[in-house]
Peer 1: 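Please see the structure below; I have some questions.
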Amino acid sequence: MALKCNNIFVNLPVKDLDRTKDFFTKIGFEFNPQFTDKNAACLMIGDNIFAMLLVEDYFKTFTKKDLSNAANTTEVILALSAESKEQVDEIVNNALAAGGSLSNDPVDHGFMYSWSFQDPDGHLWEVLYMDPSNVQ
């Protein structure tokens, strides 16, 4: 049997935790207060999907590597599924209005639609909708 995990926790370094929490709150996300303090905030993305937003100095306690500057380099693109093309637009427009910046223009392949933004720390977020009737 293949290995399966129940949850995903993506850990991201952030420069200003309050600014980051305000940004994601304006998009429409919520935080789990049980795992949120002055060093970290647990962004609830889905039932089993979380992003741990960690102040850079605290993040550094989990690694021996140097932190990359997400404004200049990319290690990961976080892709989120949406329920419709309209929800893709809503999420990205909310992110832009909250202080995020455009990453790529919308791409419409007919069966799949995506659009992306950068959060205030430069992390890349891709939001996409795939028409389930086109998934084999």
Side-chain angles (χ1 to χ4, degrees):
M1 185 167 128
L3 175 67
K4 287 182 78 175
C5 298
N6 296 324
N7 301 303
I8 183 169
F9 293 86
V10 175
N11 294 279
L12 297 173
V14 301
K15 295 183 184 326
D16 182 331
L17 188 59
D18 289 333
R19 176 188 69 175
T20 301
K21 286 170 47 182
D22 184 57
F23 173 77
F24 284 104
T25 299
K26 287 179 179 174
I27 294 174
F29 289 105
E30 295 181 351
F31 293 88
N32 182 335
Q34 183 179 4
F35 300 106
T36 299
D37 60 22
K38 66 183 176 83
N39 289 313
C42 180
L43 177 67
M44 299 185 303
I45 298 170
D47 289 339
N48 300 310
I49 306 165
F50 310 91
M52 293 301 301
L53 308 171
L54 309 173
V55 174
E56 286 182 341
D57 285 341
Y58 184 61
F59 187 97
K60 289 177 188 177
T61 67
F62 295 96
T63 183
K64 294 177 183 171
K65 292 183 173 185
D66 292 334
L67 298 185
S68 62
N69 180 344
N72 299 324
T73 60
T74 300
E75 182 174 283
V76 66
I77 298 173
L78 301 145
L80 307 176
S81 64
E83 295 179 0
S84 66
K85 290 180 179 183
E86 294 77 20
Q87 189 181 40
V88 170
D89 290 345
E90 177 185 358
I91 292 169
V92 175
N93 283 321
N94 286 347
L96 298 175
S101 59
L102 185 64
S103 180
N104 289 314
D105 291 327
V107 176
D108 193 342
H109 295 286
F111 71 96
M112 184 172 72
Y113 176 73
S114 64
W115 196 10
S116 58
F117 66 91
Q118 296 182 57
D119 68 23
D121 287 286
H123 302 294
L124 303 177
W125 296 82
E126 182 87 18
V127 187
L128 62 98
Y129 167 73
M130 186 176 304
D131 184 346
S133 66
N134 287 309
V135 177
Q136 305 276 339

Peer 1: Are I91 and I27 packed together at the side-chain level, in the sense that at least one heavy-atom pair is separated by less than 4.5 angstrom?
Peer 2: yes
Peer 1: What are the two closest heavy atoms between F23 and G99, and how far apart are they?
Peer 2: CE1-C, 4.1 Å
Peer 1: Scan residues 28-53 for pairs that pass ring-ring contact (aromatic ring centres under 6.0 Å, His included), counting only residues two or more places apart or in two chains.
Peer 2: F9-F50
Peer 1: Quick one: salt bridge (charged side-chain N to carboxylate O under 4.0 Å, His left out) pairs with a partner in residues 93-111, sequence neighbours left out?
Peer 2: K85-D108
Peer 1: Does L53 share a hydrophobic cluster with I45, counting links as ILVMFWY side-chain heavy atoms below 4.5 Å and allowing steps through other members?
Peer 2: yes
Peer 1: Does S116 use its side chain to pair, donor to acceptor, with the backbone of N104 at less than 3.5 Å?
Peer 2: yes
Peer 1: So which heavy atom on A41 is nearest to which on T36, and how close?
Peer 2: CA-OG1, 3.5 Å
Peer 1: Please assess T20 against L12 for the test side chain to side chain contact (heavy atoms under 4.5 Å, CB included), listing each intermediate value before the final yes or no.
Peer 2: CA-CA 11 Å; T20 301; L12 297 173; over 6 Å; no
Peer 1: Compare all side-chain heavy atoms of Y113 with those of P106 and state whether any distance is below 4.5 angstrom.
Peer 2: yes
Peer 1: Please name all residues satisfying side-chain contact (heavy atoms from CB on, under 4.5 Å) with T73, sequence neighbours left out, ordered by chain then number.
Peer 2: S68
Peer 1: Partners of D89 by salt bridge (Lys or Arg N to Asp or Glu O under 4.0 Å), sequence neighbours excluded?
Peer 2: none
Peer 1: Does anything in residues 3-14 form a side chain to side chain donor-acceptor pair (under 3.5 Å)? List the pairs, not counting sequence neighbours.
Peer 2: none
Peer 1: Under the 3.5 angstrom rule, does the side chain of H123 hit a backbone N or O of V76 as a donor-acceptor pair?
Peer 2: no
Peer 1: Check the hydrophobic clustering (I, L, V, M, F, W, Y; side-chain heavy atoms under 4.5 Å; chains of links allowed) and say if V107 and L102 are grouped together.
Peer 2: no
Peer 1: Can you tell me how far OG of S103 sits from CD of E126, rounded to the nearest 0.5 angstrom?
Peer 2: 7.0 Å
Peer 1: Restricting to pairs with a member in residues 14-24, which pass salt bridge (charged side-chain N to carboxylate O under 4.0 Å, His left out), not counting sequence neighbours?
Peer 2: K15-E56, R19-D121, D22-K26
Peer 1: Is it true that atom CG of D47 has more than 12 heavy atoms of other residues, nucleotides or ligands lying nearer than 6.0 Å?
Peer 2: no
Peer 1: Nearest 0.5 Å please: distance from the CG atom of L3 over to the CE atom of M1.
Peer 2: 8.5 Å
Peer 1: Tell me who clusters with I77, hydrophobic residues only, linked when side chains sit under 4.5 Å apart either directly or through other members.
Peer 2: L124
Peer 1: Same cluster or not: F117 versus V10, using hydrophobic residues (I, L, V, M, F, W, Y) connected whenever any side-chain heavy atoms lie under 4.5 Å apart?
Peer 2: yes
Peer 1: Do L128 and I49 sit in the same hydrophobic cluster, where Ile, Leu, Val, Met, Phe, Trp and Tyr count as joined when their side-chain heavy atoms come under 4.5 Å apart?
Peer 2: no
Peer 1: Would you please name every residue forming a side-chain contact (heavy atoms from CB on, under 4.5 Å) with A40, sequence neighbours left out?
Peer 2: D37, M52, L54, Y58
Peer 1: Among residues at least two apart in sequence or on other chains, which ones pass side-chain contact (heavy atoms from CB on, under 4.5 Å) with A71?
Peer 2: N69
Peer 1: What residues, two or more places apart in sequence or in another chain, satisfy side chain to side chain donor-acceptor pair (under 3.5 Å) together with K60?
Peer 2: none
Peer 1: Which pairs, with at least one residue in residues 81-102 and sequence neighbours excluded, count as a ring-ring contact (aromatic ring centres under 6.0 Å, His included)?
Peer 2: none
Peer 1: In the single-linkage hydrophobic clustering (I, L, V, M, F, W, Y; side-chain heavy atoms under 4.5 Å), do W125 and I8 co-cluster?
Peer 2: yes
Peer 1: List in chain and number order the residues that pass side-chain contact (heavy atoms from CB on, under 4.5 Å) with S81, two or more places apart in sequence or in another chain; answer none if no residue qualifies.
Peer 2: none
